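Notes to accompany the following structure.
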Amino acid sequence: MSHPPPSPIYTLRGAGGPLNSLHFRCYGEDAPLLFSGSGKGCIHIWNLNTRRTNKVIEGHSGSSIIWVCTKRSKDTLISQGRDMQICLWDLGEGRCDLLDSVWTGSVGFCQCSMLETSPISSLLAFAGQQTEEIKIIELPSKIQICTLMPVAKVGMVMCINLFQPDSCPGPLLLAGYEEGSLLLWDVTQQSILSQVKAHPDPVMCLTFDPTRLRGISGSSEKNLSSWKLDEKNNLQLQGGVTLANPGVSQLCIREDGKLLASAGWDSRVRVFGWKKLRPLAVLQYHTDMVLSVAFSDHQDPRQRLMAAGSKDQRISLWSLYNES
């Protein structure tokens, strides 16, 4: 007999709005933290030891927060809001100060993607003012590196992933578009390396494993599309997974490359083995659409967590398939 699906180890309440984005910071000697961005314009910093909020940041004039992330090198938080602003916050020594902001001009829901290139600098990619436009800047200088604009009509940019493979001298960027296509960009040359039609509908989310050069994307339909990069940086479709119900908000691969989690519009979180995309669990806890999912970066594998954020304003925390 199959085992029943597990229950969350605990639930975080009090975000006051739909949970659009989640981000863990659990390395180092400080208390493990979970950052959440809500549809009511608040960033909550949750202490996972006390299971309470350390701070609440209201920095986007009440506009929905669609992405939050921290830099590993120092206490810098980056948030993206529907007010067309990306904000940089100093969290060092208990502070919560706005350092700088970037205006995007984007009216869409495409989340930013950050690539740390050194202990002091990063590349930040985000959707621009024109619907198909992707801009990449360097932080903290805010110097514009490039603008990526496809010639073919592929519609609005929906999701992006900036990464640095070992096989390339410069960064690459994966982008999913409204027309259902995935494009692989060479950032240095500002050119398209490969393009595939991954979905019949808009690409709502994607995630990529730079170690194995494999990725997966989701849309409003029932199918997850799996693909890989070959030695010539060509995107190759590899089939995928058919879900019981349509619609995926977000996909996330655990850092050890063993698990994939999907946030479903049907209020469920589905967990797969990443190697063969074998279904492992369907987590039924939330009462509304699941909007975000994230795995923790605990250094001890036994402490790893998965978080799911829902439109029901709750965050569920799970301990799944950890090494004993």
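Small disclaimer: the values here were computed from a predicted structure and weren't measured.
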Side chain Q80, main chain C112, donor-acceptor under 3.5 Å:
yes
Identify, with sequence neighbours excluded, every residue that meets side-chain contact (heavy atoms from CB on, under 4.5 Å) alongside K40.
S38
Considering residues at least two apart in sequence or located in another chain, which fulfil the side chain to side chain donor-acceptor pair (under 3.5 Å) criterion with R314?
Y285, D312
Partners passing side chain to side chain donor-acceptor pair (under 3.5 Å) against D300 (at least two apart in sequence or in another chain):
R302
I'd like to know if the side chain of E179 reaches the main chain of V154, judged simply by a donor and an acceptor atom lying under 3.5 Å from each other, with no hydrogens or angles considered.
no
Just wondering, are more than 12 heavy atoms of other shown residues or ligands nearer than 6.0 Å to CZ in R52?
no
So how far is it from T207 OG1 to R214 CZ, rounded to the nearest 0.5 Å?
11.0 Å
Between the side chains of S310 and Q313, is a donor N or O closer than 3.5 angstrom to an acceptor N or O?
no
Ring pair (Phe, Tyr, Trp, His ring centres under 6.0 Å) partners for F208, two or more places apart:
F163
Sequence neighbours excluded, the answer for salt bridge (charged side-chain N to carboxylate O under 4.0 Å, His left out) partners of D288 is none
If you measure only the distance, is there a donor-acceptor pair under 3.5 Å linking the side chains of W227 and S225?
no
Would you confirm whether R95, through its side chain, and E93, through its main-chain N or O, come within 3.5 Å as a donor-acceptor pair?
no
Partners passing ring pair (Phe, Tyr, Trp, His ring centres under 6.0 Å) against F272 (at least two apart in sequence or in another chain):
none
Rounded to the nearest 0.5 Å, what separation is found between the CG atom of L162 and the CZ atom of F126?
12.0 Å
Apply the hydrophobic cluster definition, ILVMFWY joined by side-chain contacts under 4.5 Å directly or through others, and give me every member besides W103.
M84, V107
Nearest-0.5 Å distance, CG of residue L174 to CG of residue L235:
6.0 Å
Does Y321 reach the main-chain N or O of L280 with its side chain, forming a donor-acceptor pair under 3.5 Å?
yes
Distance only, no hydrogens: is a donor on one side chain within 3.5 Å (strictly under) of an acceptor on the other, for N20 and S64?
yes
Distance col, row L34:CG vs N47:CG, nearest 0.5 angstrom, shows 10.5 Å
Under a 3.5 Å distance rule, please check whether D256 uses its side chain to pair with a backbone N or O of K258 as donor and acceptor.
yes
Backbone N or O of V68 within a donor-acceptor pair of the S21 side chain at under 3.5 Å?
yes
Measuring from atom CG of L184 to atom CG of L173, what distance do you get when rounded to the nearest 0.5 angstrom?
8.0 Å
Applying side-chain contact (heavy atoms from CB on, under 4.5 Å), can you list everything that pairs with S101, at least two apart in sequence or on another chain?
Q85, C87
Check: N233 side chain, L193 main-chain N or O, donor-acceptor pair, under 3.5 Å
no
Kindly determine whether S194 and N234 satisfy side chain to side chain contact (heavy atoms under 4.5 Å, CB included), including the steps that lead there.
CA-CA 5 Å; S194 182; N234 291 316; 4.3 Å; yes
Looking only at atom types and distance, does a side-chain atom of R254 sit under 3.5 Å from a main-chain N or O of M306, one as donor and one as acceptor?
no
Please confirm whether the backbone N or O of S36 pairs with a side-chain atom of H44, one donor and one acceptor, at under 3.5 Å?
no
Check this for me: K275, atom NZ, are more than 12 non-hydrogen atoms of other residues, nucleotides or ligands nearer than 6.0 Å?
no
For D209 and W274, which I'm curious about, is there any donor-acceptor pair between the side chains at under 3.5 Å?
yes
So for atom CG, which belongs to D97, do other residues, nucleotides or ligands contribute more than 12 heavy atoms lying within a distance under 6.0 Å?
yes
By ring pair (Phe, Tyr, Trp, His ring centres under 6.0 Å) - contacts of H286 (at least two apart):
none
Would you indicate whether E58, at its atom CD, is surrounded by more than 12 heavy atoms from other residues, nucleotides or ligands within a distance under 6.0 Å?
no
Check D30 with R25, please: is the shortest side-chain N to carboxylate O separation under 4.0 Å?
no
Decide side chain to side chain contact (heavy atoms under 4.5 Å, CB included) for T104 and Q129; before the verdict, give the C-alpha distance in whole Å, the side-chain angles of both, and the deciding distance to 0.1 Å.
CA-CA 6 Å; T104 67; Q129 188 170 5; over 6 Å; no
Which heavy atom in S79 sits nearest to a heavy atom in I43, and how many Å separate them?
CB-CD1, 3.4 Å
Tell me, which pairs form a salt bridge (charged side-chain N to carboxylate O under 4.0 Å, His left out) where one or both residues lie in residues 132-149, sequence neighbours left out?
D100-K142, E133-K135
Go through the steps for W265 and S220 under the test side chain to side chain contact (heavy atoms under 4.5 Å, CB included), then give the verdict.
CA-CA 9 Å; W265 293 3; S220 59; 3.6 Å; yes
Of all heavy-atom pairs linking L172 and P165, the shortest is CD1-CG, 3.7 Å
What one should report as the nearest heavy-atom pair of I57 and C96 is CG1-SG, 3.2 Å
Flag yes if L283 and L277 sit in one hydrophobic cluster, no otherwise; membership is Ile, Leu, Val, Met, Phe, Trp, Tyr, and two members link when side-chain heavy atoms are under 4.5 Å apart.
no
For W185, check ring pair (Phe, Tyr, Trp, His ring centres under 6.0 Å) against everything at least two apart and list the hits.
none
Exam field: side chain S249 to backbone S292, donor-acceptor pair closer than 3.5 Å:
no
Distance, nearest 0.5 Å, that separates CZ of R304 from OG of S319
10.5 Å
Does any pair with a residue in residues 106-115 pass side-chain hydrogen bond (donor to acceptor under 3.5 Å, both in side chains), and if so which ones, sequence neighbours excluded?
Q111-Q250
